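Working notes, beginning with the structure itself.
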Amino acid sequence: MKKKLMAGNWKMNGSLQANADLVKALLAGLPADSSSAGCSIALCVPAVYLAQVSALLESSDVDLGAQDVSQHAVGAFTGETSAAMLKDFSVRYAIVGHSERRQYHHETDALVAQKALQALASGVTPIVCVGETLDEREAGQTEAVVKRQLAAVIHANGHCISEIVVAYEPVWAIGTGKTASPEQAQQVHAVLRAQLAAATPHAARVAILYGGSMNAANAKQLLAQPDIDGGLVGGASLKAPDFLSIIAAARVE
Ligand code: 13P
């Protein structure tokens, strides 16, 4: 079985002190040789703390991630952070198209695809988020929505598509305590896998993560599904004991 990828998304939380305490507690709770944690681990932190967390993670196997990246390579784009800048701080992953950015910053499928392209061009792995709202699910549009969102990224990225990570995050499950059932999640993951398979012979190696109220109690069953390759964890990644329990559930012996 392939190694799971467990990524924490801190969203807009943290402080210098809180970050240091959280990372210290996480590293203390992982096996000494953290490759024997049995899964890959990443922390996606606010841009302003990338340098701090990069230094805190330096002697560990835990990877660093950003929560967004510019669709441009360089230039007069006030407030933006380029993929090359992320790379300067040893950032391995960048979340793109999180539903909070699609909703509050009006990010379109085409923009998200450009962000994925910029990340890949600088050697940063985009974690492309897709997911339907409750209204869309109730209208029977779940498949159409996630396929449309992923299609834009496939279209813009061509054969590089096997280098991305996908995260299925049903919007109605984010921060609500409502989780997709393992069957509901698997059904969508299988749709995404088939869509990737039509675009690349390497679809099996693309990690498709589940995100949305993942916790220690539901992680094991979700992660047991054949097409769920890991998790993108919000709230529970801010508490070391909770994130460590989820990581333990992801362990592949
Ligand atoms: P929660 O785990 O807090 O529901 O957040 C999920 C998420 O949005 C991760 O990107």
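For ligands, and for the atoms within them, numbers begin at 1 and follow the listed sequence. Just so we're clear, the structure is a prediction, and the values are computed from it rather than from any experiment. All values below were derived from every heavy atom in this structure, side-chain atoms included, with hydrogens, water molecules and symmetry-related copies excluded.
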Any donor-acceptor pair under 3.5 Å from Asn218 side chain to Asn215 backbone: yes
Distance-only N or O hit between ligand 1 and Gly211, under 3.5 Å: no
Indicate whether any N or O donor in one side chain lies under 3.5 Å from an N or O acceptor in the other, for Glu169 and His98. yes
Determine whether any heavy atom of Gly177 lies closer than 4.0 Å to an atom of ligand 1. no
With a cut-off of 4.0 Å, which atoms of ligand 1 are near a heavy atom of Ala173? 4 (O)
Ignoring hydrogens and geometry, is there a side-chain-to-backbone donor-acceptor pair from Thr200 to Leu196 under 3.5 Å? no
Residues Val45, Leu64; criterion side chain to side chain contact (heavy atoms under 4.5 Å, CB included); working and verdict: CA-CA 8 Å; Val45 312; Leu64 184 61; 4.1 Å; yes
Please determine whether a side-chain nitrogen of the Lys or Arg among Arg205 and Glu163 lies less than 4.0 Å from a carboxylate oxygen of the Asp or Glu. yes
Atoms of ligand 1 less than 4.0 Å from Gly212 heavy atoms? 4 (O), 6 (C)
Looking at atom 5 (O) of ligand 1, what's its closest protein heavy atom, distance included? Lys11 NZ, 3.3 Å
What is the closest protein heavy atom to atom 7 (C) of ligand 1, and at what distance does it sit? Glu169 OE2, 3.1 Å
Relative to the ring of Tyr168, is the ring of His189 parallel (under 30°), tilted (30 to 60°) or perpendicular (over 60°)? perpendicular
State whether the shortest distance between N or O atoms of His98 and N or O atoms of ligand 1 falls below 3.5 angstrom. yes
Any sub-3.5 Å donor-acceptor pair from Ser162's side-chain atoms to His202's backbone N or O? no
Counting non-hydrogen protein atoms only, what is the nearest one to atom 3 (O) of ligand 1? Give residue, atom name and distance. Gly235 N, 2.8 Å
Check: Gly234 N/O within less than 3.5 Å of ligand 1 N/O: yes
Side-chain donor-acceptor pair present, Gln149, Asp109, cut-off under 3.5 Å: no
A student checking ligand 1 against Leu232 at a 4.0 Å heavy-atom cut-off should list atoms 9 (C), 10 (O)
At a 4.0 Å cut-off, with the gap strictly under it, does some heavy atom of Ala236 reach an atom of ligand 1? no
